[in-house]
Amino acid sequence: MARIIAGIGSSHVPAIGAAIDNGKTEEPYWKRVFSGFEKSQAWMRETKPDVAIIVYNDHASAFSVEMIPTFALGCAAEFPPADEGWGPRPVPVVEGYPALASHIAQSVILDEFDLTICNKMEVDHGMTVPMNLLFGKVDKNAHWPCPVIPLAVNVVMYPPPTGHRCYMLGKAIRRAVESYPDDLRVVIFGTGGLSHQISGPRAGLINSKWDTAFLDNLSKDPQKLARIPHVDYMREAGAEGIEMVMWLIMRGALDDKVDEVYRFYTVPASNTAVGHIILANRPRASKASPKHKPAAAKPKRAAAKPKRAAARAKVDRKRS
Ligand SMILES: [Fe+2]
């Protein structure tokens, strides 16, 4: 079966994408930000997930104020980078995973979480910036290291979903992934934030104390985070800090107990606090008794590999 192995929280500040695209990553201001993701990129190269689910918000690129779905799942074969006003970012087209995405849509909707299904969708910096931060810079004509299933969440127009709704959706996504028959190792991203306010008298607001407590409780007490009302995000983390509810979808999709693999926090990048965390599910105990474990493990692993290889080959064929 498919399994979520880890969750990644990452800011998606648009200026980070501009720094990558314009070759400014070595400048002292930006080096401070990018150096914080070097370990994460090494972790990602070693982990080699088969597919990533990326929870992000669209910034009036794919959806306008005329139509804003609360939760929109990308089921297409590919997602081109959106033109956000200065041309599309020079990054590869994001390749999807329609079979798994359709399975998630079916499972989650029948689990009573209503999603909008998107069979055609462009993706903006909300998704491609975290991809760069975790996968590194990828040539426009190359391929991202793994296929991606985008999940866009409305956090731009009131009312966004509650943190609790997001947390419970994460749990439904986990059930969906675990009912998919192919042996896939899946990672899930929650993106956005951390504290920031873009406009008004409080523009430039950053609340490091709030951000640190949020990062701490992702491991220690995620249910406490799920109970935070919108007004607390607005007051403590700024109007745009509401993006942090998207991290709770990622957290809900993980086990109750997780290991914090890595964390990075710096201020500011543009006018935003940059936060990043990697949380890993713990290896699950084998159901086999210790006496029989070695004998049972071998055939299981031997059977699983071709299945995963077949699933991966399907994606590779689609790419070529
Ligand atoms: Fe954003």
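One-based numbering, in listed order, for ligands and for the atoms of each.
Taking 2.8 Å as the criterion, H125 does not count as a coordinating residue of the Fe ion (ligand 1), since none of its N, O or S atoms falls below it.
Listed here is the closest heavy atom pair of A269 and Y29: CA-OH, 3.5 Å.
Residue E243 approaches the Fe ion (ligand 1) most closely through its N/O/S atom OE2.
For the pair F189/V148, no side-chain contact is recorded, criterion being any heavy-atom separation below 4.5 Å from C-beta on.
Note: angle at the Fe ion (ligand 1), from NE2 of H59 to NE2 of H12, is 100° (rounded to 10 degrees).
Under the 4.0 Å criterion applied to side-chain N and carboxylate O atoms, R3 and D50 are not assigned as salt-bridge partners. Looking at K171 and D256, a side-chain N of the basic residue comes within less than 4.0 Å of a carboxylate O on the acidic one, giving a salt bridge.
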